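Input: a single structure, listed below in structure tokens.
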Amino acid sequence: MTELLRTPLFELHEELGGKMVPFAGYEMPVQYPMGVMKEHVACRTGAGVFDVSHMGQITIRHPGGPDAAAAALERLVPQDVVGLKPGRQRYALLLGNNGGILDDLMVARRADDLFLVVNAANKGADLALLRDGLPECEVAQIDRALIALQGPLAEEALEAVAPGAAAVSFMDVATLGSGFGPLWVSRSGYTGEDGYEISVAEDQAATLVRALLDRDGVVPVGLGARDSLRLEAGLCLHGQDIDAHTSPVEANLLWAIQKVRRNGGARAGGFPGAERVLAEIEGAPTRLRVGLVPEGRAPMRSGVELFSGDRAVGRITSGGFGPSVERPIAMGYVDIDHAKVGTRLEGELRGRRLPVEVTGLPFRPATYKR
């Protein structure tokens, strides 16, 4: 068995009473003594601190500068990277030749490079893909800790330790001075709440987290609540809701492909799987990711098959109880002719067919500070 890795915050997790579990090759806290439900609510009402140091941090440099690096990266993603202004970031997708999603990631345009944050389970493959696909660029993995600070008190908490944080707008990136060294800050996250992701030197990570936790209303949050928070926000988990066979169009991520990369745009196509993706944009995919609301109080989780009468029409990919919306919620894929909001289906749960209804996403409106 491969030995599990540890983030720079491992000892602090243990000190805080974190229940450690294997996740993406790391020992990570699934919850703290407060419990998943209360951690979820605390993030929605105060602020939560998450260790996301297991994720990959990558820089891309081109001899011709960041404009040239952006043009090069567009060979691998269907996003408008060239049009990304300095100090801004956007959600992006690495695609395979079949148009499937190899990974979803964040791409930031900085003064001298592009800064990417990729999923932990895929970071080795992503690094190899980027180096192979961008031979003219210097692609480097960065060894820094990564912390997410999410919730309505996030701005106040980070401004107290890194002046200037409040002036950072949604999807902006900035380097802020602090008593913990330079912090690479983005105003983003994966909870549907206002907040930040903060890259910090590994030897300063625990001290920074302690300073944040000293603030009233700020609590540590584990993987369990991170999952319920992103599910309420209608956000995908790679390897579960999207994978190497899922196209961006059927994943309902069309919003992430800017018009300049679509048919008729100035830089249409030119990315892996473009033929399939552009054809699905012009026509329609055969299936679509949708929100689902089961009737009653029993959650329907990943793997539950969905039916219309006797016909199997889809499958749930993520599901559970939404503490903020106070009901079971789920996401999954259904045949395109059953994807309309309000469509009534049945989910097979422990041998019984129970009602479930297609609904819009997200389940709870986002509170980003734009």
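Owing to the predicted nature of the structure, the values given are computational and were not obtained by experimental measurement.
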(Q) Could you go through Leu254 and Arg262, starting from their C-alpha distance and side-chain angles, then the distance that decides it, and tell me whether this counts as side-chain contact (heavy atoms from CB on, under 4.5 Å)? (A) CA-CA 10 Å; Leu254 184 57; Arg262 303 185 196 181; 3.8 Å; yes
Q: Test His338 against Arg311 for side-chain contact (heavy atoms from CB on, under 4.5 Å), laying out the working first.
A: CA-CA 11 Å; His338 290 85; Arg311 179 185 165 202; 3.4 Å; yes
Q | Criterion side-chain contact (heavy atoms from CB on, under 4.5 Å) on Leu76 and Leu130, from CA distance to verdict | A | CA-CA 8 Å; Leu76 302 180; Leu130 291 164; 3.9 Å; yes
Q) Which is it for Val82 and Glu74 under the side-chain contact (heavy atoms from CB on, under 4.5 Å) test, yes or no, and what are the steps along the way? A) CA-CA 8 Å; Val82 169; Glu74 285 195 359; 3.3 Å; yes
(Q) Set out, in order, the CA-CA distance, both residues' side-chain angles and the distance that settles salt bridge (Lys or Arg N to Asp or Glu O under 4.0 Å) for Glu39 and Lys19, then state yes or no. (A) CA-CA 13 Å; Glu39 289 171 26; Lys19 180 182 178 182; over 6 Å; no
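Hydrophobic clustering, with ILVMFWY side chains joined whenever heavy atoms are under 4.5 angstrom apart, keeps Val221 apart from Leu213. Hydrophobic clustering, with ILVMFWY side chains joined whenever heavy atoms are under 4.5 angstrom apart, keeps Val36 apart from Val30.
Within the model, atoms CG of Leu9 and CE of Met28 stand 8.5 Å from one another, a figure rounded to the nearest 0.5 Å.
Between Cys137 and Ala72, the closest heavy-atom pair is SG-CB, 4.1 Å. Across all non-hydrogen atoms, the minimal contact from Leu12 to Ala206 is CD2-O, 4.1 Å. Considering all non-hydrogen atoms of both residues, Phe321 and Glu326 come closest at CZ-C, 3.5 Å.
Using a 4.5 Å heavy-atom threshold, the side chains of Met171 and Arg88 count as touching. Taking 4.5 Å as the limit, every side-chain heavy atom of Met106 sits out of range of all side-chain heavy atoms of Ser186. Residues Leu253 and Leu93 form a side-chain contact, since some pair of their non-hydrogen atoms from C-beta on lies under 4.5 Å apart. Residues Pro78 and Leu95 form a side-chain contact, since some pair of their non-hydrogen atoms from C-beta on lies under 4.5 Å apart. For the pair Leu94 and Val77, the minimum side-chain heavy-atom distance is below 4.5 Å. At least one side-chain heavy atom of Val107 sits under 4.5 Å from a side-chain heavy atom of Leu116. A 4.5 Å side-chain heavy-atom check between His13 and Asp51 finds at least one atom pair inside the cut-off. In this structure, the side chains of Met55 and Asn119 come closer than 4.5 Å at one or more pairs of heavy atoms.
At distances below 3.5 Å, at least one donor-acceptor pair connects side-chain atoms of Tyr190 with backbone N or O atoms of Cys236. Of the possible polar contacts, one joining the Glu159 side chain to the Ala165 backbone as a donor-acceptor pair under 3.5 Å is found.
Between Glu295 and Arg344 there is a salt bridge, since at least one side-chain N of the basic residue sits less than 4.0 Å from a carboxylate O of the acidic one. Using a 4.0 Å cut-off between a side-chain N of Lys or Arg and a carboxylate O of Asp or Glu, Arg327 and Glu357 do not qualify as a salt bridge. We find that Lys259 and Asp80 are not joined by a salt bridge, their nearest charged nitrogen and carboxylate oxygen being 4.0 Å or further apart. Ion pairing of Asp104 with Arg230 is absent here, as no side-chain N (NZ or NE/NH1/NH2) approaches a carboxylate O to less than 4.0 Å. For Arg109 and Asp67, the salt-bridge test passes: some basic side-chain N is under 4.0 Å from an acidic carboxylate O. Ion pair Asp194/Arg187 flagged as a salt bridge, since at least one NZ, NE, NH1 or NH2 atom sits closer than 4.0 Å to an Asp/Glu carboxylate oxygen. Under a 4.0 Å N-O distance rule, the pair Arg6/Glu14 does not qualify as a salt bridge.
Annotation: cation-pi pair Arg261/Phe271 absent, no NZ/CZ under 6.0 Å from the ring centroid and within 45° of its normal.
Ring pair Tyr368/Phe170 is parallel by interplanar angle, where below 30° counts as parallel and above 60° as perpendicular. Ring geometry, Trp184 versus Phe115: the interplanar angle exceeds 60°, so the pair is classed perpendicular (tilted spans 30 to 60°).
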